[in-house]
Amino acid sequence: MKQPKPWWQQPGFRVGIALVLLILLGGAVSAVYLTQIPPEQPIAFPHNRHVGLGAPCAYCHPGTAWGPNAGLPGIDKCWGCHQQVQKKSPELEKLAAYVANNQPIPWVPVAIQPEFVHFNHQPHVSAGIACETCHGDMTKMTVAEPQPRQNMGWCLSCHQKMAPEQWTKLSDCATCHY
Ligand code: HEC
Ligand code: HEC
Ligand code: HEC
Ligand code: HEC
Ligand code: HEC
């Protein structure tokens, strides 16, 4: 007598598996896609055009050279140029309104790690790692776009690759969590 097929070889079960895989895959793809959509910013600031003009990253994000926070530019920095550079533009009218009311621009964070992670730009910039390596090519972006999968594994795999001689320290929990 022929043995009945085990449960995991039944056609219904296989279809079920295929569906589950499709749903999981679909979810993963849309999650990756969604995390790359930049949030709405108070002003649609065009990085591409400013970087194209030759404005250095550190002019607007000076903290990368010495501190934990890169910093975001306020109205003073924008107005330093835009008091002179005026053109008909709804986005520059928004800027002028913040300046007229002496209000800070409420930029929405994009590149951000949880509170319990300590990241400092200085050692990374000193090691010669380009901004682009971690933040993407700003000459192709207007507002900053979130970069996917910048999790613990991302930090650790670069540490292992770029600084193997310091691996003991750079993989120690207390180096990033304290
Ligand atoms: C180094 C000088 C400089 C600084 C600093 C600067 N800008 Fe600009 N910005 C310019 C110039 C020049 C243009 C015009 C570029 C063009 O037409 O391609 C421009 C264009 C723009 C535009 C596009 C206007 C349009 O619709 O055509 C926006 C929006 C803008 N800037 C916002 C800002 C904001 C917000 C800040 C501060 C975070 C800022 N800029 C800082 C020089 C500067
Ligand atoms: C090794 C990867 C890496 C490099 C290189 C790097 N960054 Fe970052 N950057 C990060 C991470 C991670 C964060 C999030 C930090 C946090 O939330 O504590 C961040 C945050 C930022 C922020 C958010 C605001 C803030 O105050 O922190 C800005 C702006 C920024 N980086 C600009 C730059 C610029 C400009 C450069 C080049 C001079 C640069 N970064 C180089 C990884 C990097
Ligand atoms: C003229 C000023 C200016 C220059 C030059 C500039 N940025 Fe920015 N940057 C901004 C402003 C304004 C924001 C906030 C709006 C946004 O998220 O795009 C920002 C946001 C960012 C963020 C996200 C910060 C956060 O809070 O999460 C990163 C990363 C960043 N910039 C990287 C760079 C890099 C790398 C360069 C050089 C290639 C650069 N920027 C040049 C003005 C500037
Ligand atoms: C692209 C590669 C790269 C990535 C990504 C990266 N790092 Fe690093 N990191 C380095 C290198 C290289 C050093 C060693 C610098 C030196 O020579 O002191 C370092 C050093 C450090 C240090 C030690 C600083 C000190 O004071 O000695 C800390 C803390 C750190 N990284 C945290 C992080 C965290 C947190 C992340 C992820 C959010 C991260 N790094 C992502 C390359 C990277
Ligand atoms: C090079 C930096 C770095 C080192 C070293 C490191 N972590 Fe992390 N860790 C991170 C970053 C960045 C995150 C946040 C992103 C994420 O959740 O992956 C994180 C997240 C976590 C989380 C939260 C995970 C979650 O899903 O919310 C735990 C728990 C954790 N780390 C434990 C550890 C332990 C235990 C060690 C030592 C064996 C360690 N980490 C070493 C960078 C680091």
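These values consider heavy atoms only, across backbone and side chains, with no hydrogens, waters or symmetry-generated copies. Whatever order the structure lists ligands and atoms in, that order sets their numbers, starting from 1.
The shortest contact between atom 24 (C) of ligand 3 and any protein heavy atom is with L72 CD2, 3.8 Å. Considering only non-hydrogen protein atoms, atom 16 (C) of ligand 2 sits nearest to Q113 N, 3.7 Å. Atom 20 (C) of ligand 2 has H121 CE1, 3.4 Å as its closest protein atom, hydrogens excluded (heavy atom only). Scanning all protein heavy atoms for the shortest distance to atom 1 (C) of ligand 4 gives C158 SG, 2.7 Å. Among all non-hydrogen protein atoms, the one lying nearest atom 38 (C) of ligand 3 is C57 SG, 2.6 Å. A144 CB, 4.0 Å is the protein heavy atom nearest to atom 28 (C) of ligand 3. Of the protein's non-hydrogen atoms, the one nearest atom 42 (C) of ligand 2 is F119 CZ, 3.4 Å. For atom 12 (C) of ligand 3, the nearest protein heavy atom (residue, atom name, distance) is W107 CZ2, 3.3 Å. Looking from atom 2 (C) of ligand 3 to the surrounding protein, the closest heavy atom is C60 SG, 1.9 Å.
Checking side-chain atoms of E145 against main-chain N and O of M138 turns up no donor-acceptor pair under 3.5 Å. Judged purely by atom type and a 3.5 angstrom limit, H177 uses its side chain to pair as donor or acceptor with the backbone of F116. A distance-only check finds a donor-acceptor pair linking the side chain of N120 to the backbone of Q122 [under 3.5 Å].
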#### Entry: side-chain hydrogen bond (donor to acceptor under 3.5 Å, both in side chains) between S89 and E93, worked out
CA-CA 6 Å; S89 147; E93 274 163 28; over 6 Å; no

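Residue-ligand proximity, V110 to ligand 3, at heavy-atom distances under 4.0 Å covers atoms 17 (O), 25 (C), 26 (O), 27 (O). Of all atoms in ligand 3, numbered sequentially from 1 with element shown, those under 4.0 Å from a heavy atom of V143 are 18 (O). The atoms of ligand 3 that sit less than 4.0 Å from any heavy atom of C131 are 35 (C). Each of the atoms 29 (C) of ligand 4 lies under 4.0 Å from some heavy atom of T175. Interface atoms of ligand 3 facing A111, defined by a heavy-atom separation under 4.0 Å, are 25 (C), 27 (O).
The aromatic rings of H124 and H159 sit parallel, their planes meeting at an angle under 30°, below the 60° perpendicular limit.
Looking at V143 and V108, their side chains never come closer than 4.5 Å, going by heavy atoms from C-beta outward.
With M162, H159, Q122, K169 as candidates, the residue nearest to atom 25 (C) of ligand 4 on a non-hydrogen basis is K169. Of the listed residues (L156, D172, L170, I129), the one carrying the non-hydrogen atom nearest atom 22 (C) of ligand 4 is L170. Considering each of A65, P114, A70, A130, the one bringing a non-hydrogen atom nearest atom 5 (C) of ligand 2 is A130. The option from P123, A174, S126, G153 that lies nearest to atom 15 (C) of ligand 4, judged by heavy atoms, is P123.
When non-hydrogen atoms are compared, ligand 3 lies under 4.0 Å from the backbone of P56 (N, CA, C, O) but not from its side chain. Of all the heavy atoms of H118, the ones lying under 4.0 Å from any atom of ligand 4 belong exclusively to the backbone. Contacts between Q166 and ligand 4, counted as non-hydrogen atom pairs separated by less than 4.0 Å, involve the side chain only.
The distance criterion of under 3.5 Å between nitrogen or oxygen atoms is met by G71 with respect to ligand 2. Remark: ligand 2 and H61 share no N or O pair separated by less than 3.5 Å (distance only, no angle test). Polar contact with ligand 3: absent for H135 (N/O pair, distance under 3.5 Å). In terms of polar-atom proximity, H47 is counted as a contact of ligand 3, with an N or O under 3.5 Å from an N or O of the ligand.
The shortest non-hydrogen separation linking L156 to W167 is O-CZ3, 3.4 Å.
Note on ligand 2: I112 sits in its first shell, one or more heavy atoms being nearer than 4.0 Å. Every heavy atom of Y59 sits 4.0 Å or more from the atoms of ligand 3.
Among the atoms of H124, no N, O or S atom is found under 2.8 Å from atom 8 (Fe) of ligand 2. Among the backbone and side-chain atoms of C134, none of the N, O or S atoms lies under 2.8 Å from atom 8 (Fe) of ligand 2.
Under 4.0 Å is where a charged nitrogen must lie from a carboxylate oxygen, and between K169 and D172 no such pair does.
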